[in-house]
Amino acid sequence: MEAAIRWSPHSTRYQPRFLIIDVAGNRLRLCEIESFSGSKVNYRQILIRDKLPNYTAFDWSKKDPDVVAIGSASGEAHIVQLDPTKPEGDFLHAFPIRHQRKCNSIAFSHKNLLATGLDRVRNDVCLNIYDMNDARFTTKDEPYRKLASSEAVSSIKFFRDQPDTLLAGVQRQYVRLYDLRDSGTQGVANIQTKQVHSIAIDPLDENYFLSAGTTGDPTVTVWDQRMVKQRNDNNGAILEYRSIVDNSQPASIWSLRFSGTKKGTFGVLANTGEFKILELSQHSHRLETLKSTTDTTMARVWSSPHYTKVSHHLRHPWHSKDFPQKQKDRVMAYDFMAEGSPLDGQCALALHANREVEVIKVPPPAPRINVSALEEIYKDRTTIARPTSRHGTVAEDLSALQNEAISRKGGHGPADLSEDFDKLSMTDHNQSTTQKREQILRLAYPDTKVSLSDYLAFLQGSKRRCQEGYSLGCAQNKVIVSNDPWLADVWDFVERMDTHARGDGMVGNGLELNYLGIEPIWNNNLEMYDERRIDPDTNTSQNMFLDAVKEIVEAKNFPPFEGADTKFPENRQLCLSLCGWPLDKKGVQDNCENLIAAGEPLKAVVLAVFQGYKDIALALLRTALQQEKLPQDHIGLGAVIACASPSSGVPVEQREACAWMAEMTIDPYLKSLLTYFISADWTAVVNMASLALADRVALALKYLPDIALSHFLSDTTTSHVQMGSISGLLLTGLTTRALDLLQVHMASHPSELQTAVLLLSRACPLYIQDPRWYLWKDIYLEQMQVWRCFLERTRYTKEHNARSITRDGNARNKPTQPSIAIRCAQCHQNLALRKEQGKKSRLVPVIGAPYHAQHPANPKSAILHNKPAGKHSTSSPALACPNCGAQMPRCGLCMMWLGSPDPTKPGGAETLKGEDLEARLMVFCMSCAHGFHGHHARDWFARHAMCPVPDCRCMCGLLK
């Protein structure tokens, strides 16, 4: 590293200073910012210190703004004065060492101790601590402490709040924690790791620190020192970023620093000029204990509460194809502008090779928009935008929005593209069409900007699906998502799996193969023997899965397999059936007639040929031509179908004619038939991405040899998982790989969490216990609570519990949080969840509130330590939401606060002891949401049907 830049820890808004450290020129330049020209920093040089010894490490004193320390290439620590008023000859002092070697790191503590880390040499210490508070340090050069004997030290950092404690990267295999108050020399804790470079401690939460790999190893690990001290099993690592930067060309970490202005935020700079900012966060979800068989890489990521919340790519590597730049123009060094920054927000100074300084602003969080549970945007309690009115079912309304967006993107005007859209989505499942589906899910953004009202209506899609009954029933779900044929295809596949599993149809040889996809069945791969073995005492064997498949196929009375020579005909038969291909002639006939009735005659004819029934194909072609469902120019297709063997025996002229026909046609099935006629190679047809995935897989199962089939299924499954293509569930089934696929899919489309939860509900947690599933399910249940879909949530929970019972009658599902609870009308959080800050929760019932609503013994502290009360908060903390500070609702009859005793009665809470229990309850109307004391509602609605709140004409009394 030729140069570095450091923001002064003593800067103020009126004296924003930084230091340019010219390592190659043995020079230090103290600078002060004068102004900003866009991103360029205009600064003036205050002083320069040159002719310094060759140095390899630097740090700024935390106590004296005019003192810095450099570690020389020969190992001495040099103290450099930056005071321009002092003579130049007084600026240098050196601490000599016994054996010369490179100084790798140097660091000041807030107690003015100076530590130097040196390369290894025999019979000498490598970590020297000097006390800069000793007035004799100019004459007494002996270190205050000597540590790490004959152990190379690569990086050092002191804790700010624990100035006698430091971290050191030792011997390229340990990060060691030293307490200088301890007389020992071995440190108080050791972390065995190869990431011992560029140690950084978060000044806003010193429990966490970072370390990086050596040259050529761009790995960064996040540690928790509390776990290190407890000698936790995972050694204190909470996150590990392997290749945190682009490593397509060898990359090394040049700089690793916490921002100092936002907790858990750090930056990383590589030698390629790549500069990233990452923000860490934690989730409070209680994860279930996993079994080792489901502990995949993605599952392990969620087994920790820590995760990467945001990642900002501020500069790309110089060799990036998408963002090319010259190598000399890359960022060489950076530092965050922490204390005394003249700019608002998070900013960093970046140094370029020409010594120009640029300020880089970290993108701020997206502005918060107040969106109600009705998807209305409001400000100051006034609605400023609301969704477009509903006109039909959710599928009809979403289709209209999607058609309009796609038509505007293509420049065709507001034309109805439903026919083109259906043809596109049902017949083309390749990568490009996956991208087209993503455009449809985003309403063609950013090429097309829809109105705010339409976008709010689009956001209501998941809620309206839930209200229309989108749950675990496949037939109903296909109707609800008919605007998205990809989802309809997936639910059609799930319905086939349900049919196969009905009546123990997928049980054989003591194994349950329910909801496995094509790839695990073909590979005889059972991920979880323990979960799928009917008798847990049965010994597993390599042929156990294969025998199970044979037993299932025999029980289903499938006809003999006809196709490629194979060692596993039963596996192919079962997979073909799951793909939706009938295995007998009558089934092929019925399936093709259904396709013709659905308006796809050409697809029906081609599939009949592919399944080996040319007579059916010719009859269907003749019927379609007679009924004018196909144009007359397709009459020549009969000659192609009748050809007994498309091979070299076909005349060259005929093959050439078929070639230009295949090139001209836009129908993927006709193109695939002509391609096979020309090449006589099923591999060419299978690799045609324009065909639907189910048909491509079925063709491969029927005609490809075993080895070629294995390669095809493996490659296709991997590509669909990496793309997050939801049609790939045909290959993965409802297995752990399905969670990997859906995780990638939801990263681009968070609204698809609803579908992911419903799809996985058949296999989780009955066959799969994965932390992602529990997290996604809890989020979806909470979302239904916000939507006020209480009955739908209860219905889903009941159906899922019924599907989560093992063969021996044990329930896999654990009791969930009750859906019936007193919740805040503003933030929809449970009002009973009040905990005191810093203490164990002391919950006591409040008289006047329902028995299940609990509040802290000192409710005032709960308000003070939670979110500040807003403008709607009440003066009594006991009657405010502990999460958002909003006031409790009032009774619609007496106008007193709900959840409290009647203040007009003498004696307060004591008067409730003689009253009936109904007086303590809060009652809410599910329609108008007005609330009442229980006994007031009872007395009012005994005589009236209409809500007592003025101007509310809800007939609450008729709803009881």
Side-chain angles (χ1 to χ4, degrees), residues 419 422-423 426-428 489 492 496 499 556-564 572-573 576-647 649-651 654-655 657-662 664-682 684-686 688 690-692 694-703:
E419 181 179 353
D422 292 341
K423 183 184 300 183
M426 292 301 292
T427 63
D428 192 1
D489 283 349
D492 191 54
R496 288 200 299 272
T499 303
K556 292 184 178 294
N557 293 320
F558 286 154
F561 174 74
E562 295 180 0
R572 292 186 183 241
Q573 287 174 294
L576 281 170
S577 182
L578 287 172
C579 286
W581 272 31
L583 300 180
D584 59 338
K585 187 172 183 177
K586 184 179 184 305
V588 172
Q589 179 78 39
D590 295 341
N591 187 48
C592 292
E593 290 178 354
N594 292 335
L595 286 174
I596 292 179
E600 297 182 279
L602 202 54
K603 180 178 179 180
V605 172
V606 174
L607 286 183
V609 176
F610 285 166
Q611 293 176 81
Y613 296 98
K614 294 183 179 181
D615 55 337
I616 295 179
L618 291 171
L620 293 173
L621 177 63
R622 182 168 53 254
T623 302
L625 290 171
Q626 291 173 351
Q627 297 178 357
E628 297 185 349
K629 293 183 178 180
L630 279 176
Q632 292 299 318
D633 54 6
H634 282 78
I635 193 170
L637 188 60
V640 176
I641 297 174
C643 182
S645 177
S647 62
V650 179
Q654 192 172 358
R655 287 205 305 272
C658 290
W660 68 257
M661 288 171 59
M664 294 291 294
T665 184
I666 61 173
D667 187 280
Y669 284 86
L670 178 57
K671 186 187 292 289
S672 64
L673 178 63
L674 295 172
T675 299
Y676 174 66
F677 181 80
I678 298 167
S679 64
D681 182 10
W682 288 112
V685 181
V686 167
M688 292 182 64
S690 58
L691 291 179
D695 294 326
R696 291 175 58 204
V697 173
L699 282 169
L701 288 166
K702 190 170 181 65
Y703 296 113

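We count residues from 1, following the sequence as given.
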One pair to check against side-chain contact (heavy atoms from CB on, under 4.5 Å): Trp581 and Leu699. What are the steps and the verdict? CA-CA 10 Å; Trp581 272 31; Leu699 282 169; 3.7 Å; yes
Closest heavy-atom pair and its distance - [X], [Y]:
X      : Y      : result
Asn591 : Pro582 : CB-CG, 3.9 Å
Arg572 : Tyr703 : NH1-N, 4.4 Å
Ala700 : Val686 : N-CG2, 3.7 Å
Tyr613 : Asp584 : OH-C, 3.9 Å
Arg696 : Met688 : CD-O, 3.3 Å
Leu576 : Ala698 : CD2-O, 3.4 Å

More than 12 non-hydrogen atoms from neighbouring residues, nucleotides or ligands closer than 6.0 Å to CD on Glu562, yes or no? no
Can you find a heavy atom in the side chain of Thr499 that is under 4.5 Å from one in the side chain of Arg496? no
Say you draw a straight line from [atom1] of [X] to [atom2] of [Y]; how long is it, rounded to the nearest 0.5 Å?
X      : Y      : atom1 : atom2 : value
Lys586 : Ile616 : NZ    : CD1   : 11.0 Å
Glu600 : Asp667 : CD    : CG    : 9.0 Å
Ser672 : Asp695 : OG    : CG    : 8.5 Å
Leu621 : Lys614 : CG    : NZ    : 13.5 Å
Leu607 : Leu595 : CG    : CG    : 6.5 Å
Asn594 : Gln589 : CG    : CD    : 10.5 Å

Quick one: sort the Trp682 and Phe610 rings into parallel, tilted or perpendicular, breaks at 30° and 60°. perpendicular
side-chain contact (heavy atoms from CB on, under 4.5 Å) assessment of Leu602 paired with Tyr669: CA-CA 7 Å; Leu602 202 54; Tyr669 284 86; 5.6 Å; no
Would you check if the side chain of Thr675 reaches a backbone N or O of Lys671 as a donor-acceptor pair within less than 3.5 Å? yes
